[in-house]
Amino acid sequence: MPPRFTLHPLAIALTAALGSISPAQAADTAGLTLNPVVVTGSRAEAASFDMPAAIDVLDRTQITAGQPRVNASEALVAVPGVIANNRQNYAQDLQISTRGFGARSAFGVRGVKLVADGIPASMPDGQGQAATFNLDVAERMEVLRGPYSAIYGNHSGGVIQLFTREPEERPSVEGGFAAGSYGTTKADLTVEGKEGATGAIASVSRFDTNGYRDHSAALREQAFAKIGTRLSDVSTLSFVVNGLWQHDTQDPLGMTYAAYQSNPRGVDPAAIAYNTRKSIDHLQAGVAYERRFGSDLLQVSAYTGQRGVIQYQAIPKAAQANVQHSGGIIDFDRNFYGFGARWISKLELGGGRLTTTAGIDFDSSTDDRRGYENYVGNTLGVMGKLRRKETDSVQSTDPYIQTRWDKGDWSLSAGLRHSQVQFDVADSYIVGANKDDSGSRSYSSTTPVLGVVYKLNPAVNLYASAAKGFETPTLNELFYSAGGTGFNFGLAAARSQHLEVGAKALVGDASRVNVALFQVSTDDELVVAEMDLDVIEEVRRTWQFYRDRRPDAYDEIVELLADLFHAAFDRAGHVLPQPRERQVPHRVGRAVQGLEGLAVHGNSTGLP
């Protein structure tokens with residue numbers, strides 16, 4: 001069923017209230033930080049107030065002031081429609097979702113596009129790591145939700161783009177040190193300056209913690225450098241290098257609510273027995289070139305990088321007796337690279353101004369992936385026999401075009417992106433009953449975007465937008481199929497339809513109000529296989545607390561809130577259906593909570 005909007009009394013009231021705001025109540029927009037200039041969504045510079053999209057900008061102060069600058073969730077918590085769950089477990093990355101996209105990821109970021117200084121922090125299969133964001137040198141973060149995110153292609157239910165600051169004219173050295181509970185320290189040092197047309201900024205930091213829970217210590221080191229130069233009056237060139245090193249980060253695993261009540265700082269015994277831990281080495285570099293041709297602009301960028309991960313899991317020895325099991329240690333080395341090019345044209349047309357962006361993005365990643373047993377004899381938590389060896393490659397090619405026409409009180413915009421994503425697996429571990437799992441799968445989709453803005457008066461803009469999106473399975477979701485028969489190349493891509501209407505209002509000289517009503521429908525949604533779809537609907541609509549890796553941990557909280565809800569509805573004269581007996585979603589196969597690559601996925605059509 002296509003998505004549709006239902007007029008609600010609240011929407012009528014909000015529209016009437018915004019329409020009553022007069023131009024006199026709004027300050028001069030030219031000097032307002034309430035109307036920052038953004039590039040996310042439009043590609044070309046545009047005032048966020050004039051965009052037909054829900055987009056927020058977190059400036060340098062919001063990101064850094066009073067914050068340890070360790071996790072992006074510190075700043076993202078202020079953005080409506082975005083949930084950034086920080087589990088304080090540095091062996092698992094943040095879980096970030098925008099309007100529900102990304103919520104299915106138990107670790108890392110999926111469904112949301114991450115970008116830093118024009119370099120994707122999301123791989124072409126959709127997996128991303130927000131830990132690579134260097135917040136010590138952040139200038140701003142642009143957060144885009146809703147239909148306009150679709151112009152970024154695969155896994156773009158939302159877009160989070162980090163921009164690092166430019167060096168100051170005067171050379172300077174800045175450092176900081178902070179300490180807190182549980183052996184937590186953060187030290188950082190930044191140097192910057194300019195000489196003529198060339199400027200540079202470099203930063204290093206070290207974060208160390210013993211963790212609140214037992215077996216949760218972490219050490220994270222980051223380094224960043226950027227050099228920019230003005231080649232001429234119309235051209236610039238910049239280089240960026242970013243690195244993250246995080247060795248032997250302890251993973252305490254999940255815990256039940258009963259275990260939490262007994263010992264809040266406790267740890268799953270399996271974490272101690274198998275010494276669960278994770279190490280990351282990440283280094284990437286990029287170059288960007290810009291040149292103006294009159295009012296037009298050419299932008300070209302390229303990047304490359306390497307990422308190595310080794311993770312010791314708590315998979316029992318007995319489970320690895322299956323000859324097709326890939327072992328209890330994940331070990332991969334990833335090489336990735338890509339480039340992008342776009343032409344931004346501005347011209348007068350039909351009494352208005354037309355801005356058009358045409359470009360192409362190419363991204364590629366290749367994993368040399370190995371799996372090992374996590375034991376030798378009766379000694380647990382050590383590297384044992386090889387159980388997996390393969391090369392996994394993903395490539396995406398995305399040409400796109402988008403345009404915006406401004407005339408008088410109206411602004412019309414449209415965009416189109418065609419995405420092609422290719423997965424290839426070359427299996428080198430073919431031993432006995434462990435057959436050759438090599439194969440490939442390709443996905444393609446054309447995603448359109450439409451938007452309109454009407455300037456009700458200088459203080460109020462009304463807008464509407466619509467789009468189609470798509471989301472391929474990630475490599476982690478393709479890895480396993482029911483019955484342990486190898487890769488699940490039969491998984492289809494999820495496809496979504498987005499609608500949004502909204503209003504933006506400047507009130508006085510210090511306030512801005514954004515209101516958005518949106519609806520998203522999805523077909524072929526990726527879900528855990530062999531799962532009761534009625535349970536999924538119940539979890540989404542009634543038991544939304546069951547988003548954690550250990551839903552049983554919230555039983556008593558849910559029981560209490562359910563009683564309160566029922567009492568409130570009874571007093572109001574309404575009948576709230578009693579929930580059915582709750583069932584923990586079942587994961588097929590080796591169901592170890594919170595660990596990478598152990599869930600079998602399938603597609604479901606018509607999820608609400």
Side-chain angles (χ1 to χ4, degrees), residues 1-8 11 40-42 51-55 80-83 96-105 110-113 122 126 143-160 396 398-404 412-421 443-453 462-474 477 491-503 514-527 533 536-537 539-541 544 601-608:
M1 177 183 295
R4 60 179 182 273
F5 284 102
T6 301
L7 197 59
H8 191 278
T40 305
S42 61
M51 290 279 294
I55 182 168
V82 175
I83 296 176
I96 300 176
S97 64
T98 65
R99 297 185 177 179
F101 288 93
R104 81 171 188 272
S105 176
R110 309 176 199 175
V112 180
K113 184 80 73 176
S122 297
V143 185
L144 175 66
R145 292 93 67 205
Y148 248 71
S149 304
I151 200 65
Y152 284 82
N154 185 27
H155 279 266
S156 295
V159 180
I160 300 174
S396 65
D398 294 50
Y400 61 88
I401 185 170
Q402 56 190 116
T403 187
R404 170 177 164 177
L412 307 177
S413 56
L416 196 67
R417 184 182 183 110
H418 182 72
S419 300
Q420 292 181 304
V421 186
Y443 302 88
S444 65
S445 181
T446 300
T447 51
V449 176
L450 295 173
V452 58
V453 176
L462 307 177
Y463 73 90
S465 58
K468 291 185 177 181
F470 94 116
E471 188 173 324
T472 68
T474 64
E477 290 161 338
L491 280 181
R495 300 180 185 272
S496 55
Q497 298 81 40
H498 307 247
L499 291 175
E500 180 177 335
V501 295
N514 299 326
V515 178
L517 302 175
F518 62 89
Q519 182 166 323
V520 181
S521 64
T522 305
D523 293 318
D524 290 330
E525 177 71 37
L526 287 163
V527 299
L533 296 184
I536 296 178
E537 181 176 354
V539 169
R540 287 186 171 182
R541 295 189 175 184
Q544 299 179 32
H601 291 78
N603 292 105
S604 177
T605 301
L607 287 177

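Computed from heavy atoms alone, side chains included, the values below leave out hydrogens, waters and symmetry copies.
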Query - Heavy-atom check, side chain of T522 versus side chain of Q497, under 4.5 Å - result: no

Query raised in the report: With sequence neighbours left out, what residues match A516 under side chain to side chain contact (heavy atoms under 4.5 Å, CB included)?
Result: R99, Y463, E500

Query raised in the report: What pairs with T472 under side chain to side chain contact (heavy atoms under 4.5 Å, CB included), at least two apart in sequence or on another chain?
Result: N154, H155, V421, F423, Y443, F470, A493

Report summary line: Taken in chain and number order and not counting sequence neighbours, the residues that satisfy side chain to side chain contact (heavy atoms under 4.5 Å, CB included) with L450 are A414

Query - Contact summary for V82 and V143, nearest pair of heavy atoms - result: CG2-CG1, 3.8 Å

Requested in this report: Compare all side-chain heavy atoms of L416 with those of V449 and state whether any distance is below 4.5 angstrom.
Outcome: no

**Report entry** Rounded distance [0.5 Å steps], OG1 in T447 versus NE2 in H498
**Finding:** 9.0 Å

Query raised in the report: Hey, does F101 have a side-chain heavy atom less than 4.5 Å from the side chain of S496?
Result: yes

**Report entry** Separation between CD1 of I160 and CZ of R145, rounded to the nearest 0.5 Å
**Finding:** 9.5 Å

Query raised in the report: OG of S122 to CZ of R110: how many Å apart, nearest 0.5 Å?
Result: 12.0 Å

Query raised in the report: Would you call R417 and D398 a salt bridge, using N to O less than 4.0 angstrom?
Result: yes

Query - Minimum-distance pair of heavy atoms, taken over all atoms of P147 and A466 - result: CB-C, 3.9 Å

Report task. Nearest 0.5 Å please: distance from the OH atom of Y148 over to the OG atom of S413. Result -> 2.5 Å

Query raised in the report: If you round to the nearest 0.5 Å, how far is OG of S444 from CD of Q420?
Result: 6.0 Å

**Report entry** Basic-acidic side-chain contact under 4.0 Å: E471, R495
**Finding:** no

Query - Heavy-atom side-chain proximity of S419 to S396 below 4.5 angstrom - result: no

Requested in this report: Apply the test side chain to side chain contact (heavy atoms under 4.5 Å, CB included) to residues L462 and V453: give CA-CA distance (whole Å), side-chain angles for both, the deciding distance (0.1 Å), then the verdict.
Outcome: CA-CA 6 Å; L462 307 177; V453 176; over 6 Å; no

Query raised in the report: Any idea which heavy atoms bring L491 and E477 closest together, and the distance?
Result: CD1-O, 3.4 Å

Report task. Mark yes or no for whether T474, through its side chain, and G126, through its backbone, hold a donor-acceptor pair below 3.5 Å. Result -> no

Query raised in the report: Atom OG of S521 and atom CG of L499: how far apart are they, to the nearest 0.5 Å?
Result: 7.5 Å

**Report entry** Closest heavy-atom pair and its distance - S97, G102
**Finding:** CB-C, 3.9 Å

